[in-house]
Amino acid sequence: MWIFEIYKKKNIMNIHTKITDMREVNRTVSMKKAMLLLMMCFIATISIWGADKVSFAFLKGEQGVSYVVDWKNLTIAGFSPKNWLEVRQTEQPEYNAKNEYENELKPRINDFISNANKQLENVGLFLSNDKGRKYTVYIRPGNITRKGDNTIECTFVETASGKVMAEFVVNGKGGTLGSMSNLWGDGMKSAGKKFGKVVCKGLGYDPTVRDRIDGVLSKVGIE
């Protein structure tokens with residue numbers, strides 16, 4: 001009997017130890033989740049109240065802004081367009097690299113414009129190819145990688161005088177699957193969305209809960 005009692009007590013102690021270990025694991029997981037949540041909230045706060053806020057008060061009362069796309073600073077994967085065409089043609093001799101560049105890659109800037117306009121609807125504004133608007137924004141793509149990650153300079157000027165009213169840079173996140181054209185499209189959509197959010201924020205637009213969640217996801221690399 002005494003052997004059975006010792007065995008029984010030992011089993012009870014083992015069970016108690018396992019329960020304690022499980023509680024510790026759960027406590028650790030909960031703490032990690034809480035820390036992640038706090039970090040995300042902090043990032044969201046920085047995104048909303050960042051010190052780099054740009055004012056677009058000059059756009060109040062305007063509905064349309066002219067836009068001009070300036071490709072002179074463009075590089076592709078670090079190459080000038082001319083050198084890129086040579087690289088690309090060598091890689092894929094069966095395709096027409098120039099046709100891809102002119103008719104598949106560059107037109108993806110339209111994804112930037114359309115996604116920017118989706119955001120600008122929140123403040124009753126839109127980008128227009130009509131050159132007669134009071135203000136014009138120059139959209140200057142810089143380097144664009146093969147997968148479509150991009151850096152785009154945006155400069156608002158008073159159309160008549162050329163006076164710079166505001167300028168900032170947006171960085172778009174490219175895609176992961178599909179042709180190079182599709183990847184560029186994803187990057188332009190990302191950059192256009194960020195452009196629109198910057199302008200809306202500068203005009204005092206109060207972000208919705210969804211906007212705030214999008215901002216947090218964007219900061220951690222999820223577009």
Side-chain angles (χ1 to χ4, degrees), residues 40-74 106-144 148-173 184-223:
M40 291 179 72
C41 289
F42 175 74
I43 292 172
T45 302
I46 294 298
S47 175
I48 296 165
W49 302 107
D52 58 342
K53 181 177 179 181
V54 181
S55 173
F56 293 92
F58 61 92
L59 290 178
K60 288 185 177 177
E62 301 296 322
Q63 289 189 323
V65 175
S66 300
Y67 73 86
V68 174
V69 180
D70 180 355
W71 295 98
K72 70 180 180 183
N73 295 327
L74 175 68
K106 288 177 71 175
R108 284 300 190 170
I109 194 67
N110 293 325
D111 291 315
F112 178 102
I113 303 300
S114 62
N115 273 262
N117 280 338
K118 285 179 184 177
Q119 295 298 318
L120 294 176
E121 284 179 6
N122 293 314
V123 290
L125 198 63
F126 70 99
L127 299 181
S128 169
N129 56 13
D130 172 14
K131 301 301 185 269
R133 301 286 176 172
K134 184 176 181 181
Y135 297 102
T136 299
V137 59
Y138 287 87
I139 299 166
R140 299 184 174 97
N143 188 59
I144 306 179
D149 294 338
N150 60 58
T151 299
I152 299 180
E153 238 179 67
C154 308
T155 305
F156 282 82
V157 303
E158 189 176 53
T159 304
S161 67
K163 177 184 177 183
V164 175
M165 306 300 293
E167 52 188 348
F168 58 95
V169 174
V170 290
N171 296 299
K173 183 176 176 58
W184 272 41
D186 290 339
M188 287 297 180
K189 289 175 185 177
S190 169
K193 183 177 181 179
K194 290 178 180 178
F195 170 95
K197 286 183 177 294
V198 168
V199 175
C200 287
K201 181 179 177 182
L203 281 167
Y205 172 67
D206 187 22
T208 63
V209 172
R210 181 170 181 174
D211 290 329
R212 294 171 189 269
I213 292 173
D214 282 348
V216 172
L217 294 178
S218 178
K219 286 288 185 180
V220 295
I222 303 172
E223 297 290 335

When every non-hydrogen atom of I109 is compared with those of P141, the smallest separation belongs to CD1-CG, 4.4 Å
With no hydrogens and no angle check, do the side chains of S66 and S128 hold a donor and an acceptor under 3.5 Å apart?
no
Look only at the side chain of K194 and the backbone of N171, and say whether a donor-acceptor pair between them is shorter than 3.5 Å.
yes
More than 12 heavy atoms of other residues, nucleotides or ligands under 6.0 Å from CD of Q63: yes or no?
no
Assess, by modelled atom type and distance only, whether the side chains of N143 and T151 contain a donor and an acceptor separated by less than 3.5 Å.
no
Working to the nearest 0.5 angstrom, can you tell me the gap between K197 NZ and N115 CG?
11.0 Å
Would you find a donor on one side and an acceptor on the other, under 3.5 Å apart, between the side chain of T159 and the backbone of K134?
yes
Matching residue for Y135 among F156, F58, Y67, F56 - test: ring pair (Phe, Tyr, Trp, His ring centres under 6.0 Å)
F58
Would you check if the side chain of S114 reaches a backbone N or O of N110 as a donor-acceptor pair within less than 3.5 Å?
yes
Closest heavy-atom pair and its distance - C154, V137:
CB-CG2, 4.4 Å
Run F112 and V170 through side-chain contact (heavy atoms from CB on, under 4.5 Å) and show every step you take.
CA-CA 11 Å; F112 178 102; V170 290; 4.2 Å; yes
Does D111 reach the side chain of R108, with side-chain heavy atoms less than 4.5 Å apart?
yes
K173 vs D186, side-chain contact (heavy atoms from CB on, under 4.5 Å): CA-CA, chis, key distance, verdict:
CA-CA 7 Å; K173 183 176 176 58; D186 290 339; over 6 Å; no
Do M188 and I144 have side chains that get closer than 4.5 Å, going by heavy atoms?
yes
What pair of heavy atoms forms the shortest contact from W184 to G148, and how long is it?
CD1-CA, 3.8 Å
Nearest non-hydrogen partners of A166 and V54, listed with the distance
CB-CG1, 3.9 Å
Cut-off 3.5 Å, side chains only: do T155 and R140 have a donor facing an acceptor?
yes
Chi angles and distances behind the side-chain contact (heavy atoms from CB on, under 4.5 Å) call for K118, K193:
CA-CA 8 Å; K118 285 179 184 177; K193 183 177 181 179; over 6 Å; no
Hey, does the side chain of N117 reach the backbone of L127 with a donor-acceptor pair shorter than 3.5 angstrom?
yes
Determine whether F195 and I152 make a side-chain contact, defined as any pair of heavy atoms from C-beta on separated by less than 4.5 Å.
no
Answer yes or no: is there a side-chain heavy-atom contact under 4.5 Å between E153 and D70?
no
If only atom types and distance count, is the side chain of N150 paired as donor or acceptor with the main-chain N or O of G172 below 3.5 Å?
yes
Are L120 and V199 packed together at the side-chain level, in the sense that at least one heavy-atom pair is separated by less than 4.5 angstrom?
yes
Could you state the interatomic distance from CG (L59) to SG (C200), rounded to the nearest 0.5 Å?
10.5 Å
Could you check whether any side-chain heavy atom of V65 comes within less than 4.5 Å of a side-chain heavy atom of R133, counting everything from C-beta outward?
no
